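A short worksheet on the structure shown next.
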Amino acid sequence: MLIAKIVSTRSTCNSRRVGAVIVKDNHILATGYNGAMPGAPHCIDGPPMEDGSPYCFRRALKIPDIDKYNFCRASHAEANAIAQAARYGISIQDSTLYTTLAPCYVCLKLLAMAGVKAIYYEQPYESSSPERDAFWQKAVEEAGIEVFEQLRISDEAFEYMLSDIRQLTSRRRLGATS
């Protein structure tokens, strides 16, 4: 999950920075973050909105949330990770996804079609609809996803991992031996 969080820092979306890592047999197969297509303008490069908030292409066009996926410049982190694996001919059958946000329904379908069997997410997908939440759980079951769980990194684990990262990572840990 820490790697997914690091990958999310590459996001070019001002609305949400999401990162995803696809793993199999303890090996990273692909990563993805939400952002615009190669060569397309990025929202992080846009001027502030009229209200002073960070630029969002969809919001600048005043597109309602119901149609947000059809006008957002960014592809989702999970879709980008799947595309990266496909680009390099890497099968993600029976793999595990770690993502900083629970996948949307479209990405859930893509993950199921690609054969991902386990999904760990840091934050749930925000929903104000009990109907959507009930549908979501049923969709996960129908998709054949074997594990769909929230996973948060504890403060202790963060401190342990980051303590080494703050240091020179190539410095010898053990004293010289003859």
Side-chain angles (χ1 to χ4, degrees), residues 1-24 27-92 95-116 118-129 132 136 139 143 145 148 150-153 158 161-162 165-166 169:
M1 188 60 76
L2 180 61
I3 295 171
K5 289 175 77 66
I6 292 169
V7 169
S8 76
T9 66
R10 302 242 333 136
S11 171
T12 62
C13 176
N14 283 325
S15 181
R16 279 187 213 224
R17 296 182 187 274
V18 179
V21 178
I22 300 174
V23 177
K24 184 174 180 180
H27 293 279
I28 295 172
L29 302 178
T31 64
Y33 53 88
N34 55 336
M37 297 178 292
H42 300 285
C43 286
I44 60 171
D45 298 326
M49 302 285 283
E50 290 175 6
D51 65 1
S53 63
Y55 181 77
C56 174
F57 178 73
R58 177 185 64 84
R59 290 184 179 105
L61 295 176
K62 300 186 182 345
I63 304 299
D65 280 353
I66 190 82
D67 208 18
K68 65 184 176 182
Y69 297 127
N70 292 321
F71 288 89
C72 180
R73 281 186 175 156
S75 293
H76 289 182
E78 305 91 335
N80 279 330
I82 293 168
Q84 183 188 48
R87 177 182 286 175
Y88 294 104
I90 300 168
S91 170
I92 58 173
S95 64
T96 298
L97 172 81
Y98 293 88
T99 181
T100 59
L101 180 68
C104 72
Y105 183 57
V106 172
C107 287
L108 180 68
K109 292 187 293 184
L110 291 172
L111 293 162
M113 293 298 292
V116 172
I119 298 172
Y120 294 95
Y121 59 92
E122 180 184 39
Q123 296 294 325
Y125 197 91
E126 296 165 349
S127 172
S128 57
S129 165
R132 182 200 173 278
W136 190 258
I145 304 297
F148 189 78
Q150 188 171 17
L151 174 67
R152 291 204 178 156
I153 303 171
F158 263 125
M161 290 183 279
L162 295 178
I165 292 173
R166 286 188 187 108
T169 56

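Worth saying up front: this structure is predicted, and the values here are computed from it rather than measured.
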- [ ] Apply side-chain contact (heavy atoms from CB on, under 4.5 Å) to Lys5 and Ile153, showing your working.
- [x] CA-CA 10 Å; Lys5 289 175 77 66; Ile153 303 171; 4.0 Å; yes
Interatomic spacing from [atom1] in [X] to [atom2] in [Y] - rounded to 0.5 Å:
{"X": "Leu29", "Y": "Ser91", "atom1": "CG", "atom2": "OG", "value": "8.0 Å"}
{"X": "Leu151", "Y": "Ile119", "atom1": "CG", "atom2": "CD1", "value": "13.0 Å"}
{"X": "Asp45", "Y": "Asn14", "atom1": "CG", "atom2": "CG", "value": "9.0 Å"}
{"X": "Glu78", "Y": "Leu108", "atom1": "CD", "atom2": "CG", "value": "9.5 Å"}
{"X": "Ile63", "Y": "Asn70", "atom1": "CD1", "atom2": "CG", "value": "9.0 Å"}
{"X": "Phe158", "Y": "Arg152", "atom1": "CZ", "atom2": "CZ", "value": "10.5 Å"}

Open item on the list: Please check: side-chain N/O of Asn80 versus main-chain N/O of Tyr33, any donor-acceptor pairing under 3.5 Å?
Closed with: yes
Open item on the list: Looking at Asn34 and Ala74, would you say the former's side chain and the latter's main chain have a donor-acceptor pair under 3.5 Å?
Closed with: no
When you look at [atom1] of [X], are more than 12 heavy atoms from neighbouring residues, nucleotides or ligands closer to it than 6.0 Å?
{"X": "Glu50", "atom1": "CD", "value": "no"}
{"X": "Met113", "atom1": "CE", "value": "no"}
{"X": "Ile90", "atom1": "CD1", "value": "yes"}

Considering all heavy atoms, the nearest [X]-[Y] contact:
{"X": "Arg17", "Y": "Ser11", "answer": "NH1-O, 2.9 Å"}
{"X": "Val7", "Y": "Gly32", "answer": "CG1-O, 3.2 Å"}
{"X": "Leu97", "Y": "Ala20", "answer": "CD1-CB, 3.8 Å"}
{"X": "Gly19", "Y": "Ser8", "answer": "N-CB, 3.3 Å"}
{"X": "Glu122", "Y": "Thr100", "answer": "CB-O, 3.6 Å"}
{"X": "Cys104", "Y": "His76", "answer": "SG-ND1, 3.4 Å"}

TODO: Would you sort out whether Thr31 and Gln84 count as a side-chain contact (heavy atoms from CB on, under 4.5 Å), showing the intermediate values?
DONE: CA-CA 7 Å; Thr31 64; Gln84 183 188 48; 3.7 Å; yes
Open item on the list: Any non-hydrogen side-chain atom of Met37 less than 4.5 Å from a side-chain atom of Arg73?
Closed with: no
Task: Sub-4.5 Å side-chain heavy-atom contact between Arg59 and Ser15 - done: yes
- [ ] Establish, yes or no, whether the cationic atom of Arg16 lies under 6.0 Å from the six-membered ring centre of Tyr125 and within 45° of the ring axis.
- [x] yes
Task: Tyr98 and Tyr120 aromatic ring geometry - parallel, tilted or perpendicular at 30°/60° bounds - done: parallel
